[in-house]
A.B. asks: 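Pasting a structure below so you can have a look.
This chain uses plain numbering: 1 for the first residue, then up along the sequence.
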Amino acid sequence: MRRVPEPELMDDPAQALAYTGADFSEPHGMFIDKFRDLFPKANITGNVLDLGCGPADIAIRFARAYPRCHIDGVDGADCMLVQGELAIRKAKLTDRIRLLKGVLPDAILPHREYEVILSNSLLHHLHEPAVLWECIKDYAVKDAIVFIMDLMRPDSGAMARQLVNTYAVAEPLILQRDFYNSLCAAFTPGEVVAQLGHAGLSQFRIETISDRHFIVFGQF
Ligand SMILES: C[S@@+](CC[C@H](N)C(=O)[O-])C[C@H]1O[C@@H](n2cnc3c(N)ncnc32)[C@H](O)[C@@H]1O
C-alpha cells in the first residue's frame, strides 16, 4: 500500500488524552528490554535525548532502567507535553527528565551533544523522514548510542484494520483512528534502509521485532 502521511503533531487535546490513557506497556516495555539486550555493557550516565517524546512514558521507563542519566524530551505538541509533565511529577523524576517544546528540525536543544538518542513512534509522523536522521547526526556525540523504534506499514488497509482490531479494540475510537492512520503513514523496513543510506547512516542496523514494529540501532 502507498504511504498516506498523517499530521505531524498530535496537538488535539482529546487525541493527547486518549494517547496518554492507552495501554502501551507491551511495546514500551519491549523498547526498554530490546535496548538492554542490544547494549548490555553500556554505562548510561550522560545526557539522553528522546525525540518526539509525547507524554514521556518512554523517558520515564528509560530513567527508571538507567538511574544515572538525564533525559531531555522534545515534542512540538503542547498538550502532549502537559501530560508528560504530569507523568514525570507523578514518577518523581523532575530532577532527571526535562521536557522541551520544539518542532523538528527547527527545535533548539539545550545540549550540543547527547550520549544516547532515543525515539519511539516519531518517524512515521514526519512528512520528511530525513528530519529524524539529520537531527541524530546534528546531536549525537561520537559513539553515541542510537535506538529508534517505529511502526511498520502493512501491505494493505485491510491488514492495518486487522492490527487495530488485534491491539486497540479496547481503546477509545479516537485512538483506534490514530493507530490506523499511523500504520498507513509508517515506513517499510526497505524504505528505512534507503533513508539510512541517503543519510550516510548505513552503519545502523534495522530489525523487525513484532508484527508491527521495527527498530533501528547502532553507534554513531
Ligand atoms: C505517536 S507519538 C509518540 C510519543 C512517544 N514517543 C511515545 O512513544 O509514547 C508521536 C509524537 O511525535 C510528535 N511529533 C511529530 N512530529 C514532530 C516534529 N516535527 N517535531 C516535534 N515533535 C513531533 C507528536 O506531537 C507526538 O507527540
A.B. asks: Please round to the nearest 0.5 Å and tell me the distance separating atom OG of S182 and atom CZ of R177.
C.D. replies: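 With rounding to 0.5 Å, OG (S182) is 9.5 Å from CZ (R177).
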
A.B. asks: Please find the pair of heavy atoms, one from Q15 and one from M10, that lie closest to each other, and give the distance.
C.D. replies: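 Smallest interatomic distance, heavy atoms only, reads OE1-CA, 3.2 Å.
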
A.B. asks: Can you confirm whether V116 sits close enough to C69 that some side-chain heavy atom of one is under 4.5 Å from a side-chain heavy atom of the other?
C.D. replies: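 Contact flag for V116/C69 side chains = no.
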
A.B. asks: Kindly determine whether V141 and F220 satisfy side-chain contact (heavy atoms from CB on, under 4.5 Å), including the steps that lead there.
C.D. replies: CA-CA 7 Å; V141 71; F220 182 65; over 6 Å; no

A.B. asks: For the pair R3 and E191, find out whether any cationic side-chain nitrogen is under 4.0 Å from an anionic carboxylate oxygen.
C.D. replies: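 Between E191 and R3 there is no salt bridge, as every charged N stays at least 4.0 Å from the carboxylate O atoms.
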
A.B. asks: Do you know the tightest heavy-atom contact between P172 and A18?
C.D. replies: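 For P172 versus A18, the nearest heavy atoms are CG-CB, 4.4 Å.
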
A.B. asks: Report yes or no: do I145 and V216 belong to one cluster of Ile/Leu/Val/Met/Phe/Trp/Tyr joined by side chain heavy-atom distances under 4.5 Å?
C.D. replies: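 Result: no, two separate clusters.
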
A.B. asks: List the steps, then state whether side-chain contact (heavy atoms from CB on, under 4.5 Å) holds for Y114 with V48.
C.D. replies: CA-CA 6 Å; Y114 287 85; V48 176; 5.6 Å; no

A.B. asks: Could you state the interatomic distance from OG (S210) to CE (M152), rounded to the nearest 0.5 Å?
C.D. replies: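 Interatomic distance, S210 OG to M152 CE, rounded to 0.5 Å: 6.0 Å.
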
A.B. asks: I need the minimum non-hydrogen distance between Q83 and A16, along with the two atoms involved.
C.D. replies: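 Shortest heavy-atom separation between Q83 and A16 comes out as CG-O, 4.5 Å.
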
A.B. asks: In this structure, would L109 and I58 fall into the same cluster of hydrophobic residues linked by side-chain contacts under 4.5 Å?
C.D. replies: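 Each belongs to a different hydrophobic cluster.
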
A.B. asks: Could you tell me if the side chain of L196 sits less than 4.5 Å from the side chain of W133, heavy atoms only?
C.D. replies: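 The answer is yes; the side chains approach within 4.5 Å.
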
A.B. asks: Quick one: CZ on F217 to CG on L38, what's the gap to the nearest 0.5 Å?
C.D. replies: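 If I round to the nearest 0.5 Å, the distance is 4.5 Å.
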
A.B. asks: Give, for atom CG of L151 and atom CG of N120, the distance between the pair rounded to the nearest 0.5 Å.
C.D. replies: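 Here the interatomic distance stands at 8.0 Å.
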
A.B. asks: Do other residues, nucleotides or ligands put more than 12 heavy atoms under 6.0 Å from H198 NE2?
C.D. replies: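 For H198, atom NE2 is not crowded (no more than 12 foreign heavy atoms under 6.0 Å).
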
A.B. asks: Heavy atoms, side chains only, cut-off 4.5 Å: are F39 and I44 in contact?
C.D. replies: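 Of all side-chain heavy-atom pairs linking I44 with F39, none is under 4.5 Å.
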
A.B. asks: Do L49 and V131 belong together in a cluster built from hydrophobic side chains that touch within less than 4.5 Å?
C.D. replies: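 Yes, same cluster.
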
A.B. asks: How many angstroms lie between CG in D50 and CG in L118, if you round to the nearest 0.5 Å?
C.D. replies: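 One finds 5.5 Å between CG of D50 and CG of L118.
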
A.B. asks: Is there a side-chain contact (heavy atoms from CB on, under 4.5 Å) between L51 and Y139 once you walk through the steps?
C.D. replies: CA-CA 11 Å; L51 295 167; Y139 283 99; over 6 Å; no

A.B. asks: Would you mind reporting whether E6 and C184 have side-chain heavy atoms less than 4.5 Å apart?
C.D. replies: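 No - every pair of side-chain heavy atoms lies 4.5 Å or more apart.
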
A.B. asks: Just one of I206, T208, I209, D150 clears the side-chain contact (heavy atoms from CB on, under 4.5 Å) bar with I215, so which one?
C.D. replies: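 Result for side-chain contact (heavy atoms from CB on, under 4.5 Å) with I215: I209.
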
A.B. asks: Within the side chain of E8, is there an N or O that forms a donor-acceptor pair under 3.5 Å with the backbone of L126?
C.D. replies: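 Checking the backbone N and O of L126 against the side chain of E8, no donor-acceptor pair under 3.5 Å is found.
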
A.B. asks: Step by step, would you call E171 with D23 a side-chain contact (heavy atoms from CB on, under 4.5 Å)?
C.D. replies: CA-CA 8 Å; E171 302 290 356; D23 180 6; 4.0 Å; yes

A.B. asks: So, R96 side chain and A63 main chain: donor-acceptor pair closer than 3.5 Å or not?
C.D. replies: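 Flag set: sc R96 to bb A63 pair under 3.5 Å.
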
A.B. asks: Side-chain contact test, heavy atoms from C-beta onward, threshold under 4.5 Å: evaluate it for I60 versus I97 and give yes or no.
C.D. replies: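 Contact flag for I60/I97 side chains = yes.
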
A.B. asks: Should V146 and F35 be regarded as members of a common hydrophobic cluster, given that ILVMFWY residues are connected when their side-chain heavy atoms come within less than 4.5 Å of each other, either directly or indirectly?
C.D. replies: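 V146 does not cluster with F35.
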
A.B. asks: Give a yes or no answer on whether the side chain of Q176 reaches the backbone of V169 with a donor-acceptor pair at less than 3.5 Å.
C.D. replies: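 Present.
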
A.B. asks: Would you name the heavy atoms of C53 and G73 that are closest together and state the gap between them?
C.D. replies: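 For C53 and G73, the tightest heavy-atom pair comes out as SG-C, 3.6 Å.
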
A.B. asks: L183 and R212: which non-hydrogen atoms are nearest, and at how many Å?
C.D. replies: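 Closest approach of L183 to R212: CD2-CB, 4.5 Å.
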
A.B. asks: If you round to the nearest 0.5 Å, how far is CG of D75 from CE of M80?
C.D. replies: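 That separation rounds to 6.5 Å.
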
A.B. asks: Find out whether the Lys NZ or Arg CZ of R61 is both under 6.0 angstrom from the six-membered ring centre of F31 and within 45° of the ring's axis.
C.D. replies: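 Not flagged: R61 not positioned over aromatic ring of F31.
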
A.B. asks: Would a 4.5 Å heavy-atom cut-off, applied to side chains only, mark L132 and I148 as touching?
C.D. replies: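 In short, these two side chains touch, coming nearer than 4.5 Å.
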
A.B. asks: Which atoms form the tightest heavy-atom contact between G102 and V74, and what is the distance?
C.D. replies: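 Between these two residues, the closest heavy atoms are O-CG2, 3.7 Å.
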
A.B. asks: Output yes when K101 and E85 qualify as a salt bridge under the 4.0 Å nitrogen-oxygen rule, no when they do not.
C.D. replies: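 Salt bridge absent between K101 and E85.
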
A.B. asks: State, with a plain yes or no, whether a side-chain heavy atom of S25 is found less than 4.5 Å away from one of D57.
C.D. replies: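 S25 does not reach D57 side chain to side chain.
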
A.B. asks: Is F62 reachable from F147 through a run of hydrophobic residues whose side-chain heavy atoms are each under 4.5 Å from the next?
C.D. replies: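 Yes, F147 connects to F62 through the hydrophobic network.
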
A.B. asks: Tell me, do K34 and M149 make a side-chain contact under 4.5 Å, heavy atoms counted?
C.D. replies: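 Not touching, per the 4.5 Å side-chain cut-off.
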
